[in-house]
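What follows is one structure encoded as structure tokens, with my remarks underneath.
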Amino acid sequence: MGAASSTSEGTTHEPTALKRVPHDLAVALNPEELDAHDRQWTPVKIAIWSAISLLGGLSWVMLAVVRGETVNAIWFVFAAICTYLIGYRFYSKFIEKHIVRPDDRRATPAEYKADGKDFAATDRRVLFGHHFAAIAGAGPLVGPVLAAQMGYLPGTIWIIVGVVLAGAVQDYLILHFSMRRGGRSLGQMARDELGVIGGTAALIATLVIMVIIVAILALVVTNALAESPWGVFSVGMTIPIALFMGCYLRFFRPGKITEISIIGFVLLIAAIVGGGMVAGTDWGQTYLLLDKVTIAWGIIIYGFIAAILPVWLLLAPRDYLSTFMKIGTIGMLAVAIVIIRPEISVPAVSEFAVSGTGPVVAGTLFPFLFVTIACGALSGFHALIASGTTPKLIQKERQTRFIGYGGMLMESLVAIMALVAALSIDRGIYFAMNASPALTGGTVQGAVAFVNSLGLTGVNLTPSMLTDMATNVGEESIVSRTGGAPTLAVGLSHIMQQLVGGTSMMSFWYHFAIMFEALFILTAVDAGTRVARFMLQDSLGNFFPKFKNTSWRPGAWAATAIMVAAWGAVLLMGVTDPLGGINTLFPLFGIANQLLAAIALAVCMAIVAKRGLFKYLWVVALPLGFAAVVTISASFLKIFSTTPGIGYFAQNRAFSDALAAGETSFGTAPNVLAMEAVVRNTMVQGVLSIVFVVLAIIVILTAIQATVRAYRNHSSATSEDDAVQSQIYAPAGFIMTPPEKVLQAEWDALPVQKKIKIKGH
Amino acid sequence: MALLAGVRKGARSVAWFFKGVLGEDAYEKYVAHHEADAACGTRAEHPLMTEREFWRDQTDRQDANPQGRCC
């Protein structure tokens with residue numbers, strides 16, 4: 001049997017008993033036939049791949065070498081898509097062949113654990129959409145916007161090259177390894193592969209990272225909704241809309257998800273339009289014009305209530321809305337960028353990439369670009385999703401490449417589009433929106449003076465540019481609207497209004513974008529709090545057994561309150577930070593996310609080593625090494641740098657010294673209270689940085705230890721589930737290859753009765 | 001006519017995709033699984049849930065086993 005050659009090496013459960021044709025029809029293609037098809041270069045195939053390579057190459061030349069006065073946005077899209085296609089066709093295939101080694105004769109958990117509920121084989125195209133909707137959130141939309149201060153080129157290269165060599169590799173490997181282990185979670189895999197110390201460090205790191213990520217996402221929403229009655233009304237209305245949807249599905253028409261999602265979407269649009277009317281009234285100005293602290297408290301209270309309410313009432317319907325909006329809006333933005341093709345006049349590499357004094361996020365290109373853009377290039381959080389629901393729904397092993405690697409490429413494309421949207425707005429406006437209030441004073445005059453004082457070539461900001469833009473998007477002011485979401489919303493409205501509606505529609509598009517981002521973030525806050533609560537209860541349960549019972553109300557509420565208090569404290573710290581908030585906290589978000597990626601990749605490395613595949617270990621070691629160097633050096637700079645703008649403790653010392661010297665104002669802090677706040681905040685941020693980096697180093701060291709041990713012992717212990725014979729067949733990629741078509745046709749011709757019988761085995 | 005049929009087929013696949021991604025076909029899949037079990041003579045562990053019961057059970061399972069959403 002030809003298929004025998006594809007069995008994985010070094011497993012104790014050598015699946016030689018697996019058959020390619022268990023009954024009448026084959027459940028896997030002959031590997032030799034597959035290989036032959038891959039190697040057969042027909043003239044058409046050669047022509048297509050030459051065209052893709054040439055177009056990709058030309059786009060990169062236009063972006064990196066030509067660098068005229070302006071560069072057209074279409075080159076970003078072409079450079080990205082062509083590179084993704086090449087990476088997907090060649091690099092992911094290479095990884096599949098040498099590391100992943102899928103075996104379609106082997107049943108997936110969706111087949112051998114099938115229960116029709118949690119474990120259910122799902123069509124690969126649907127599952128791709130499902131997985132993409134679960135991994136793509138506000139992260140890829142926000143990071144690239146903030147990194148745009150360094151120019152367009154560094155961010156573009158990192159997003160595109162990073163995803164091909166790092167982000168998509170991580171997602172693909174974790175998805176496959178978790179699937180081979182019956183859908184085990186990252187935390188469980190870490191314990192299995194790295195032992196008690198590594199596993200425990202990974203678990204604590206995951207919990208702390210989750211808290212930081214939720215807090216900073218909440219900070220982004222707070223900044224977008226502050227001083228914006230329109231935004232508060234329309235985003236606030238999503239709560240009653242979701243409650244209505246939840247009740248509709250529960251009591252009126254269970255299961256009619258598409259129907260209620262369309263109704264919800266119409267109500268959402270009505271809420272955006274209504275928000276414009278409400279914002280114009282005295283009532284709106286009096287009750288909905290809220291400051292940041294009030295909104296932050298609102299989100300904290302909301303987060304607690306949302307996390308203890310049953311899923312059907314708020315989370316599930318909000319999820320449907322968010323999925324609906326996500327796929328719709330991203331598709332719409334892609335079409336708009338291709339049709340409008342905005343010209344971009346931002347320099348390829350700006351002065352801030354080298355000087356590290358950028359007002360948006362402090363620090364030089366290395367390492368801070370790579371932590372500012374996490375999602376879209378390499379996102380550790382995906383490892384939690386790829387080891388969650390998705391592996392339990394995969395039909396056939398060979399589909400993990402399309403879903404894991406391909407899904408991440410799709411998210412990267414979203415990040416590129418967000419970058420293009422942010423780059424397409426005037427650079428002066430960009431800096432006025434993204435410099436903290438500490439720098440601009442929060443006023444138009446202050447912002448104009450500050451931005452023009454930066455001495456950027458081609459930037460000449462006038463007060464009317466800021467006030468006109470604010471009027472167009474229906475906001476009181478756009479000065480110091482940090483966090484990335486408002487900038488992206490301005491960029492999106494700037495592009496969309498050229499396609500639909502003109503200037504008069506800009507305010508609608510702006511609030512549409514804010515709503516779209518707030519929806520993801522609030523869902524992430526709710527779901528993140530729930531997951532963190534379960535993790536905390538599980539840990540507390542080791543000391544107080546009663547906490548293990550997650551349906552014990554007082555325990556559940558207490559654990560929820562602890563988690564909300566943790567992220568709420570960080571959120572309030574960011575909101576009241578005299579130094580600005582986003583510029584000091586966002587690096588922590590990126591560092592946290594990349595450290596999680598390093599943990600996930602460390603687990604992958606240990607698994608690959610235990611399978612004895614040392615020749616190809618570099619595929620995992622390369623991104624792991626890079627993520628480790630970037631995050632550890634970024635953390636060290638945050639801890640040890642003597643430049644107050646970068647080092648948390650340097651900042652802490654500067655303000656403590658000033659306080660000790662009896663000064664009553666220092667830097668951007670106007671009074672003693674603010675100075676004391678800086679001392680407190682920088683201490684917390686510094687300590688968090690130390691905790692992260694120490695935990696990550698422990699995990700990486702235990703992974704290296706496991707790798708070395710596997711090399712010395714030639715150990716072949718595996719933590720995979722036993723191989724089970726598969727009885728079903730499905731193609732691997734989005735488009736069927738000719739051999740797949742032939743086999744699929746045979747399966748399609750099978751009588752229904754027989755199919756049911758096969759499935760039921 | 002061929003064009004019309006094509007459009008109809010396209011619209012059907014879009015609807016199929018959206019329903020799948022939103023998870024609307026979950027009950028159908030559950031019933032199919034249950035029937036396959038029955039066809040094989042494997043004793044079903046639980047009696048078939050009605051549509052209403054199934055959706056309640058689904059959100060209850062989400063309550064007990066939360067999944068993160070990405071950032």
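Each chain gets a letter, A, B and so on, in the order its sequence line appears, and its residues count up from 1.
- Between Val142(A) and Gly484(A), the closest heavy-atom pair is CG1-CA, 4.4 Å.
- Aromatic ring pairs are classed by plane angle as parallel below 30°, tilted from 30° to 60° and perpendicular above 60°; the pair Phe324(A) and Phe265(A) is tilted.
- The aromatic rings of Phe128(A) and Phe132(A) lie parallel to each other, their planes meeting at an angle below 30°, with 60° marking the opposite boundary.
- Interface summary for chain B: among Gly255(A), Gly139(A), Gly137(A), the most heavy-atom pairs under 4.5 angstrom belong to Gly255(A).
- In this structure, Ile212(A) CD1 and Leu207(A) CG are separated by 11.0 Å, a value rounded to the nearest 0.5 Å.
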I'd like a table of donor-acceptor pairs (distance under 3.5 Å, sequence neighbours excluded) in which one partner is a side-chain atom from residues 10-23 of chain B, with atom names and distances.
{"unit_1": "Ser13(B)", "atom_1": "OG", "unit_2": "Lys9(B)", "atom_2": "O", "d": "2.7"}
{"unit_1": "Ser13(B)", "atom_1": "OG", "unit_2": "Gly10(B)", "atom_2": "O", "d": "3.3"}

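- At a heavy-atom separation below 4.5 angstrom, chain B is approached by Arg530(A), Val531(A), Phe534(A) within residues 529-537 of chain A.
- Interface check for chain B: of the options Ile385(A), Thr523(A), Leu141(A), the most heavy-atom pairs under 4.5 Å are formed by Ile385(A).
- Looking at Ile327(A), only its side chain comes within 4.5 Å of chain B, counting heavy atoms on both sides.
- Across Met210(A), His130(A), Lys117(A), the residue that shares the most heavy-atom pairs under 4.5 angstrom with chain B is Lys117(A).
- Of the listed residues (Thr389(A), Ile213(A), Leu384(A)), the greatest number of heavy-atom pairs within a distance under 4.5 Å of chain B belongs to Thr389(A).
- The contact between Arg56(B) and chain A is made by backbone and side chain atoms together, counting heavy-atom distances below 4.5 Å.
- Nearest approach of Ala600(A) to Ile174(A), heavy atoms of both residues: O-CD1, 3.8 Å.
- Note that CD of Glu53(B) is 14.0 Å distant from CD of Gln58(B), once rounded to the nearest 0.5 Å.
- Of the two parts of Ala134(A), only the backbone, made up of N, CA, C and O, holds a non-hydrogen atom closer than 4.5 Å to a non-hydrogen atom of chain B.
- The pair Lys256(A)-Glu24(B) does not meet the salt-bridge criterion, since no charged nitrogen lies less than 4.0 angstrom from a carboxylate oxygen.
- No other option in Asn65(B), Asp63(B), Val31(B) has as many heavy-atom pairs under 4.5 Å with chain A as Asp63(B).
- With chain B as partner, the option from Thr122(A), Ile521(A), Thr550(A) having the largest number of non-hydrogen pairs under 4.5 angstrom is Thr122(A).
- Under the 6.0 Å cut-off for aromatic ring centres, Trp312(A) and Phe251(A) qualify, their centroids lying closer than that.
- Ion pairing between a basic and an acidic side chain is recognised when a charged N comes within 4.0 Å of a carboxylate O; Arg318(A) and Asp526(A) show no such pairing.
- Heavy atoms of Asp57(B) lying under 4.5 Å from chain A belong exclusively to its side chain.
- Cation-pi geometry between Lys326(A) and Phe520(A) is met: the NZ or CZ atom falls under 6.0 Å from the ring centre, inside 45° of the normal.
- Ser387(A) places no side-chain N or O within 3.5 Å of a backbone atom of Ser185(A) that could act as its donor or acceptor partner.
- To the nearest 0.5 angstrom, Met49(B) atom CE is 6.0 Å from Phe54(B) atom CZ.
- Using a 4.5 Å cut-off between heavy atoms, Ala556(A) makes no contact with chain B at all.
- Heavy atoms closer than 4.5 Å to chain B are found in the backbone of Leu309(A), but not in its side chain.
- Of the atoms belonging to Ser322(A), not a single heavy atom falls under 4.5 Å from chain B.
- Using a 4.5 Å cut-off between heavy atoms, Leu127(A) does not touch chain B at all.
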